[in-house]
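Structure first, commentary second.
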Number of protein chains: 2
Amino acid sequence: MSGKKQNIPRYRQVYEILRKHITSGVYREGDMLPSENDLCQTNGITRPTVRLALDQLVKDGFIKKQQGKGSIVCAQPKGIGILSVAGTTTAIGKENLKTKILEGPVIRKWDDPFVFPLSEVEKESGCIYMERVRLVNNKPLFYDITFLPNINLPRFTSRTFENRSLFDILRKSYQVKVTGGEQRLKAIPAKGKICQHLDVKEGEPVLHLERKINTNRIDYSFYSTLFCNTTEHDLFGIF
Amino acid sequence: MSGKKQNIPRYRQVYEILRKHITSGVYREGDMLPSENDLCQTNGITRPTVRLALDQLVKDGFIKKQQGKGSIVCAQPKGIGILSVAGTTTAIGKENLKTKILEGPVIRKWDDPFVFPLSEVEKESGCIYMERVRLVNNKPLFYDITFLPNINLPRFTSRTFENRSLFDILRKSYQVKVTGGEQRLKAIPAKGKICQHLDVKEGEPVLHLERKINTNRIDYSFYSTLFCNTTEHDLFGIF
DNA sequence: GAGTGGTCTAGACCACGCA
DNA sequence: GCGTGGTCTAGACCACTCT
């Protein structure tokens with residue numbers, strides 16, 4: 001019917017349903033989810049498919065499983081879920097997060113050398129550059145510098161990013177979905193722009209993350225340099 | 001025959017084989033792994049089982065998959081893989097890592113309040129306490145404070161931990177396997193013991209991790225407070 | 001013993017990349 | 001067109017937990 005063939009897999013649909021039920025409070029911390037066999041019947045699918053959905057929920061920290069008992073809903077983390085796969089906006093929740101654009105998006109050359117190795121295609125295409133500050137309760141928490149290869153993202157630089165999730169824009173407008181990535185992190189003393197944008201004193205410790213973010217497009221990754229003021233909020237992750 | 005029923009699942013065995021082949025250089029960065037169908041035949045198992053093994057390799061960052069092409073061996077990270085599931089010793093490699101015991105293991109009471117919420121059983125049992133420093137190339141990298149619930153770990157306090165992996169000892173001597181966990185991290189200024197053990201100046205930024213580590217034993221988790229000097233090595237993780 | 005999750009088989013069809 | 005990985009079915013047996 002419509003122009004696109006969406007075809008969301010069944011296990012993903014079930015994942016989204018259960019996730020929504022957990023985050024919206026239908027199931028609360030400590031509750032048991034329906035058994036795998038129940039979920040088969042109510043969703044009209046077989047156990048391997050149900051298990052794919054549950055595996056994802058485990059991976060994302062929403063439930064834990066116990067053989068012989070069932071699937072138990074976990075407490076939702078109160079920290080900042082930046083280390084997991086979701087973008088910052090989804091991790092913190094739209095309500096409390098504001099985004100201020102400092103610069104861009106503009107097209108320019110890549111830094112040379114760049115933190116991560118770049119392919120020839122990436123180098124030739126140039127890069128879309130953005131600087132943003134993310135605020136929680138109106139206090140700056142992240143200073144985020146984003147680098148996207150300038151490949152097949154029409155009209156990207158004329159879009160509005162103020163208070164919007166980059167991940168959402170990529171997914172909804174360009175069908176680019178984040179599938180994972182890698183990151184390096186260290187503690188550094190704040191200086192220069194970092195002090196200014198994060199509102200911290202010179203020399204104060206801040207978290208420094210370098211991330212490579214992979215997508216469903218083959219050979220399309222983008223990059224993010226992130227400075228985080230962790231005096232009030234910890235970063236949170238599961239493994 | 002023997003006293004224990006080990007019964008390592010087939011997908012785990014295949015995972016270990018492939019992992020060893022990758023880390024030992026049989027497959028190198030950029031190489032294609034055999035196709036899933038090939039792996040079915042050579043290992044005498046079916047595709048869902050092969051896929052479980054490959055999924056784990058993807059999760060641990062050894063391979064990436066591309067529909068229509070195959071499974072590609074990734075570059076092995078050069079950073080410190082502390083954010084993934086393996087213990088520190090396996091993450092860095094035994095060759096370069098030394099462990100110095102500063103204190104313990106001794107049995108004592110839990111800090112009150114403790115960083116993570118504790119169950120009644122955990123509180124009553126008391127805690128096994130250890131302080132260790134991990135050195136890479138003879139330079140201190142981690143200052144690690146470990147808290148284990150004192151539940152069913154006979155003779156634990158009289159074991160030798162010098163230059164040995166805690167995860168290995170737990171697995172081999174007590175059949176306690178690490179299945180995952182959660183962590184909070186922040187950048188803090190070094191002071192007191194941290195300066196001393198990590199050999200950094202007062203006020204120098206260090207990484208501070210608080211980890212809860214879950215195991216295959218129901219209701220058995222242990223805890224680790226970790227300070228890391230990231231001036232020379234980054235921490236590395238995939239997501 | 002009944003119910004749960006853990007593992008596994010033996011097939012099937014589809015979407016994607018490449019020659 | 002062919003081989004690849006992605007998804008899914010319809011069963012099976014086992015180990016574990018609870019009663």
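When reading the values below, keep in mind they use all heavy atoms of this one structure, side chains included, and skip hydrogens, waters and symmetry mates. Below, chains carry the letters A, B, ... as their sequence lines are ordered, and counting in each starts from 1.
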Can you tell me if [X] touches the phosphate of [N], counting only side-chain N or O atoms and a distance under 4.0 Å to OP1 or OP2?
{"X": "B:Thr49", "N": "C:dT9", "answer": "yes"}
{"X": "B:Tyr11", "N": "C:dC8", "answer": "no"}
{"X": "A:Lys65", "N": "C:dT4", "answer": "no"}

[X], nearest nucleotide to its side chain (from [options]):
{"X": "B:Pro48", "options": "D:dG6, C:dA10, D:dT4", "result": "C:dA10"}
{"X": "B:Arg10", "options": "D:dG5, C:dC8, C:dT4", "result": "C:dC8"}
{"X": "A:Lys69", "options": "D:dT17, C:dC8, C:dG5", "result": "D:dT17"}

I want to confirm an ordering. Mapping B:Gly70 and A:Gly44 to their closest nucleotides on DNA chain D, which one lands closer to the 5' end?
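Its nearest nucleotide lies further toward 5', so the answer is B:Gly70.
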Specify the residue among B:Gly68 and A:Ile45 whose closest nucleotide of DNA chain D lies further upstream toward the 5′ end.
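Its nucleotide being nearer the 5' end, the pick is B:Gly68.
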What nucleic acid atoms does A:Ser35 come within less than 4.0 Å of, heavy atoms only: base, sugar-phosphate, or nothing?
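Sugar-phosphate, no base atom in range.
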Heavy atoms only: give me the nearest B:Lys212-B:Tyr223 pair and the separation to one decimal.
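Taking every non-hydrogen atom into account, CG-CE2, 3.5 Å.
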A:Leu118 to A:Lys123 - nearest heavy-atom pair and separation:
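What the structure gives for the nearest pair is O-CE, 3.8 Å.
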Parallel, tilted or perpendicular: rings of B:Tyr174 and B:Phe156 (30°, 60°):
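It falls in the tilted class, 30° to 60°.
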Any Lys/Arg nitrogen of B:Glu210 or B:Arg184 sitting under 4.0 Å from an Asp/Glu carboxylate oxygen of the other?
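Salt bridge: no.
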Could you tell me the separation between the [atom1] atom of [X] and the [atom2] atom of [N], rounded to a whole number of Å?
{"X": "B:Met32", "N": "C:dC16", "atom1": "CE", "atom2": "P", "value": "17 Å"}
{"X": "A:Leu39", "N": "C:dT4", "atom1": "CG", "atom2": "C1'", "value": "12 Å"}
{"X": "B:Arg47", "N": "C:dA12", "atom1": "CZ", "atom2": "C1'", "value": "11 Å"}
{"X": "A:Arg51", "N": "D:dA10", "atom1": "CZ", "atom2": "P", "value": "18 Å"}
{"X": "B:Arg217", "N": "D:dC16", "atom1": "CZ", "atom2": "P", "value": "14 Å"}
{"X": "B:Glu36", "N": "D:dC2", "atom1": "CD", "atom2": "P", "value": "21 Å"}
{"X": "A:Gln67", "N": "C:dT4", "atom1": "CD", "atom2": "P", "value": "13 Å"}
{"X": "B:Leu52", "N": "C:dG5", "atom1": "CG", "atom2": "P", "value": "17 Å"}

Do side-chain atoms of B:Asn43 reach the backbone of B:Leu39 as a donor and acceptor pair under 3.5 angstrom?
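Checked: pair present.
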Pair of N/O donor and acceptor under 3.5 Å linking D:dG6 base with A:Arg12 side chain
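Not at all, since no donor on one side and acceptor on the other fall under 3.5 Å apart.
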